[in-house]
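Quick caveat: nothing in here was measured; it's all calculated off a predicted structure.
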Amino acid sequence: MLAALAASERVRGTTSPNPPVGCVVLDASGAVAGVGATLPPGGPHAEVVALREAGERARGGTAVVTLEPCAHTGRTAPCTSALLAAGVARVVHAVPDPNPVAAGGAEVLRAAGVRVESGLLGEQIARGPLRAWLHFARTGRPHVTWKYAASLDGRSAAADGSSKWISSATSRAEVHELRGKVDAILAGTGTVLADDPRLTAREPDGGLRAHQPLRVVLGDRELPAGARVFDDAAPTLRLPGGDPAAALDELAGRGVVDVLLEGGPTLAGAFVAAERVDRVLAYLAPALLGSGAAALGDAGVASVSQAWWWDIEETTMSGPDVRVSAVPARR
C-alpha cells in the first residue's frame, strides 16, 4: 500500500477532476508484478496501468489500491471489469469511494467471487494525495490549503513592508514542490500589486516545473498589463469580486479540485470567515518582528469565544522553520 501511495503522489496535480490513485498488482506468490497510477483525464486509471504491466502474472494475484475501484463507465470502462478480466483473486483498497456515481466497486467484486478488504492505511492514504479529491467528492467544493510564512510572533512582513525572506530556503523549496502538485494557486489583486508574484512552481535552479497550476487572481482592482502573473509561464484566470464561495464555485465548474491560497492577510481572513479554508499550512520562522503586517486579517472574530479552532495534524521541522499542518476542529 505504501508503494501504491508513492505512485499516487507522483501523479498528484495531473489527474483532476479524477482522483490521483495508485495501484500495485502482486502475482499469486505475492511478488510485485505491476505498479500504476492514474493518467491525465481520458487516460486509463491506476488499476488498468498496473494490470497492463503485470500481464498474465495478475491472474490469481492481488491488487492493492489506494481508492476503491470504480464500478461505472465514464471516459473509461469500469476498473472492476478490468480486474475481473485479469483474473485477480483479491483486492485490498485503503479508502471507500465517496462518489455515489462511481462507488460500489467492492460489492461488484465480491459478487463475482473476489476477496475484498478495505481500510488498510486508510487514514494515512486519506491525508495524502487523495485528500483534496475526497473533499471535492464529498462537498462539491475544491479543497483549499491556506499556506503562509510568518515570524514566531505571527508577522508576515516587517514594519517597512519587507517580507523576503521570512521563511528558509528549505521551506521555499517545499512550497514550490507543493505548487507543482496543486490545480490552482489563488491570490488577490492586493498581493499582485504589492509583490508582483509569478505564482509559478519552480525548481531549485529557478527553472519551471513540468506541471504549472492555474493562476487565479481574485478582485476588481486594475492590474498592470506587465504584471508577472500574466506572463506565459502558466495560464491565469481573473475572477471579479471578493466572495470566496463564488470563486470556488467557478473553479469547481472548471474541474479544479486542489487550491493553494497564497493571498495576503485580507484575502486569507475572508476565506477563514467564510469557512472556506480546509487546511492551514504554516511555516514559522525563528524570528521576532514586533510590528508589521499580521499573517491573518479580519476573520470575523471579536472575542476568544468566537475563535476558529483547529486540530494540529502534524508539526515538523523544515530547515530552521517549524511547519504546522492543521485542519478545522470538529464542532
Dump the intermediate steps for side chain to side chain contact (heavy atoms under 4.5 Å, CB included) on Val11 and Leu39, then the final yes or no.
CA-CA 7 Å; Val11 299; Leu39 295 182; 5.6 Å; no
What verdict does the side chain to side chain contact (heavy atoms under 4.5 Å, CB included) test give for Leu178 and Arg12, after you've listed the backbone C-alpha separation in whole Å, the side-chain angles of each residue and the deciding distance to 0.1 Å?
CA-CA 10 Å; Leu178 175 60; Arg12 182 183 168 195; 3.7 Å; yes
May I ask you to decide if Ser325's main-chain N or O and Glu314's side chain share a donor-acceptor pair within less than 3.5 Å?
no
Checking side chain to side chain contact (heavy atoms under 4.5 Å, CB included) for the pair Thr189/Asp220: CA distance, chi angles, key distance, verdict?
CA-CA 7 Å; Thr189 52; Asp220 296 320; over 6 Å; no
To the nearest 0.5 Å, what is the distance between CG on Asp243 and CD on Glu250?
12.0 Å
Donor-acceptor under 3.5 Å (Thr80 side chain, Ala71 main chain)
no
Should Val192 and Val175 be regarded as members of a common hydrophobic cluster, given that ILVMFWY residues are connected when their side-chain heavy atoms come within less than 4.5 Å of each other, either directly or indirectly?
yes
Spell out, yes or no, whether Leu239 and Trp146 are grouped together once hydrophobic residues are joined by side-chain heavy atoms under 4.5 Å, including indirect joins.
yes
So, do Val277 and Trp308 sit near enough that their side-chain heavy atoms are less than 4.5 Å apart?
no
Would you say Glu123 has more than 12 foreign heavy atoms packed within less than 6.0 Å of its CD?
no
What about Leu267 and Leu248, same hydrophobic cluster or not, with Ile/Leu/Val/Met/Phe/Trp/Tyr joined at side-chain heavy-atom distances under 4.5 Å?
yes
In the structure I gave you, are the side-chain heavy atoms of Ser8 and Val21 within less than 4.5 Å of one another anywhere?
no
Any donor and acceptor pair, going by atom type alone, linking the side chain of Asp258 with main-chain N or O of Gly13 inside 3.5 Å?
no
Within the side chain of Arg215, is there an N or O that forms a donor-acceptor pair under 3.5 Å with the backbone of Ala234?
yes
Verify side chain to side chain donor-acceptor pair (under 3.5 Å) between Arg179 and Thr200, making sure each step is shown before the conclusion.
CA-CA 7 Å; Arg179 284 181 174 186; Thr200 53; 5.0 Å; no
Residues Ser168 and Asp321: side-chain donor-acceptor under 3.5 angstrom:
yes
Same cluster or not: are Val217 and Val144 linked, directly or through other Ile, Leu, Val, Met, Phe, Trp or Tyr residues, by side-chain heavy atoms under 4.5 angstrom apart?
no
Are the side chains of Ser151 and Leu284 in contact, using a 4.5 Å heavy-atom criterion?
no
Below 4.5 Å, heavy atoms only, C-beta onward: do Lys181 and His211 meet side chain to side chain?
no
So for atom CD, which belongs to Glu313, do other residues, nucleotides or ligands contribute more than 12 heavy atoms lying within a distance under 6.0 Å?
yes
Are Leu281 and Val324 co-members of a hydrophobic cluster defined by side-chain heavy atoms under 4.5 Å apart?
no
Could you check if a side-chain atom of Leu109 sits within less than 4.5 angstrom of a side-chain atom of Leu84, using non-hydrogen atoms only?
yes
Heavy-atom closest contact (Tyr283 atom, Ser171 atom, distance)
CD2-OG, 3.3 Å
Supply the atom-to-atom distance Glu262 CD to Thr145 OG1, rounded to the nearest 0.5 angstrom.
10.5 Å
Would you indicate whether the side-chain heavy atoms of Met1 and Val65 approach each other to under 4.5 Å?
no
Tell me whether Arg155 contacts the main-chain N or O of Gly292 through its side chain, where contact means a donor paired with an acceptor under 3.5 Å.
yes
Check the pair Arg209 / Glu177 against salt bridge (Lys or Arg N to Asp or Glu O under 4.0 Å), numbers first and verdict last.
CA-CA 9 Å; Arg209 289 180 175 266; Glu177 184 176 357; 5.1 Å; no
Let's go through Leu223 and Arg238 carefully: what are the C-alpha distance in whole Å and the side-chain angles of both, what is the deciding distance for side chain to side chain contact (heavy atoms under 4.5 Å, CB included) to 0.1 Å, and is it a yes or a no?
CA-CA 10 Å; Leu223 300 176; Arg238 285 217 59 179; 3.8 Å; yes
Taking side chain as C-beta onward, heavy atoms only, is Tyr148 less than 4.5 Å from Ile166?
no
Evaluate the side-chain proximity of Arg202 to Leu208: yes if any heavy-atom separation is below 4.5 Å, no if none is.
yes
Would a distance-only check, ignoring hydrogens and angles, find a side-chain to backbone donor-acceptor pair under 3.5 Å from Arg228 to Asp196?
yes
